[in-house]
Amino acid sequence: MKAIIRHYSLFFFLAATPFLMQASCSKNNDDVVVTPPPPPTLPAADQYITATLNSATTVFKTPTDSLSFSKTSSSTSLNAGTQPATSYIGINFSGSQTIGNFPIDIFSLSINGRDYLQGATALTATVTTYGAIGAYIIGSYSGMVRSSSSSSSAFTEVKGDFRFKVK
């Protein structure tokens, strides 16, 4: 008799499970809270540009490194070099001084003496703030580069953030 009661108990438990699950689980995800990963930690410096390549990030920042900003009516140049001169980065993109996405015309990166160049597909600069003189140009860039030491080397992703004072 105990075996029959045990089987009926298991039967009722299994039969009721979908109803219990429906009461405790929503069919939509309205009540599910997904926490995005924290944003990358940016330098506390007044001006900086970062370069992340192969999971390693190089930071160029003031006052320890040399940073320069220049613009014409149709292009913007961001350049930085470490002191002592072991690494540098140079980005030049065309377009008016406004926010948006811009193809990078010239990109050069050297980290500890190893040079990287963009391929046939231009990297992209995303400008989120382009202030007046005395304010800042803020944004990011990304794309694919390869080592200049070999034309057959594989492409790898490079990305970074920048904040330069507009002069």
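Shown here for Ala125 and Phe93, the closest heavy-atom pair between the two residues is CB-CD2, 3.9 Å. The nearest pair of heavy atoms linking Lys61 to Ala45 is CB-CB, 3.6 Å. When all heavy atoms of Gln118 and Ile104 are compared, the pair lying nearest together is NE2-O, 3.2 Å.
Distance alone, capped at 3.5 Å, places no donor-acceptor pair between the Glu157 side chain and the Thr52 backbone. Checked by atom type and distance alone, the side chain of Gln47 pairs as donor or acceptor with a backbone atom of Lys165 at under 3.5 Å. For the pair Thr82 (side chain) and Ser87 (backbone), a donor-acceptor distance under 3.5 Å is present. Using a distance-only test at 3.5 Å, with no hydrogens or angles considered, no donor-acceptor pair links the side chain of Ser147 to the main chain of Tyr116.
Side-chain contact, Asp46 with Thr62: no donor N or O sits under 3.5 Å from an acceptor N or O. Side-chain contact check for Ser96 and Thr98: no donor-acceptor pair (N or O, by modelled atom type) lies under 3.5 Å.
Side chains of Leu67 and Phe69 form no contact here, defined as non-hydrogen atoms less than 4.5 Å apart. Between Ile106 and Ile91 there is no side-chain heavy-atom pair separated by less than 4.5 Å. Side-chain contact between Asn92 and Thr76 is absent, with no heavy-atom pair separated by less than 4.5 Å. The shortest distance between side-chain heavy atoms of Ser142 and Leu123 does not fall below 4.5 Å. Between Lys71 and Val166, the closest side-chain pair of non-hydrogen atoms falls below 4.5 Å. Looking at heavy atoms from C-beta onward, Ser74 lies out of side-chain contact with Ser94 at the 4.5 angstrom threshold. Taking 4.5 Å as the limit, some side-chain heavy atom of Asp161 sits within range of a side-chain heavy atom of Tyr48. Counting only heavy atoms from C-beta outward, the side chains of Ile111 and Tyr88 never approach each other to under 4.5 Å.
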Decide side chain to side chain contact (heavy atoms under 4.5 Å, CB included) for Gln83 and Phe60; before the verdict, give the C-alpha distance in whole Å, the side-chain angles of both, and the deciding distance to 0.1 Å.
CA-CA 10 Å; Gln83 298 299 326; Phe60 304 88; over 6 Å; no
Please lay out, stage by stage, how Asp115 and Ser108 fare under the test side-chain hydrogen bond (donor to acceptor under 3.5 Å, both in side chains).
CA-CA 7 Å; Asp115 299 331; Ser108 58; over 6 Å; no
Audit row: Phe107, Val145, side chain to side chain contact (heavy atoms under 4.5 Å, CB included) steps and yes/no:
CA-CA 9 Å; Phe107 178 85; Val145 296; 3.7 Å; yes
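Atom OG of Ser68 is separated from atom NZ of Lys167 by 7.5 Å, given to the nearest 0.5 angstrom. Expressed to the nearest 0.5 Å, how far OG of Ser66 lies from CG of Asn79 amounts to 9.0 Å. The line from OH of Tyr130 to CD of Gln97 is 4.0 Å long, rounded to the nearest 0.5 Å. Rounding to the nearest 0.5 angstrom, the gap separating the OG atom in Ser77 from the CG atom in Asp105 is 9.0 Å.
A single hydrophobic cluster is seen to contain both Leu53 and Ile89, as judged by linkage of ILVMFWY side chains at heavy-atom distances under 4.5 Å, directly or through other members.
Relative orientation of the Phe162 and Tyr141 rings is parallel, given thresholds of 30° and 60° on the angle between their planes.
Counting non-hydrogen atoms of other residues, nucleotides and ligands closer than 6.0 Å to CG of Leu117 gives a total above 12. Under a cut-off of 6.0 angstrom, the local environment of NZ in Lys159 is sparse, with at most 12 non-hydrogen atoms contributed by other residues, nucleotides or ligands.
Other members of the cluster containing Tyr136 are Ile138, with ILVMFWY side chains joined at under 4.5 Å, either directly or via other members.
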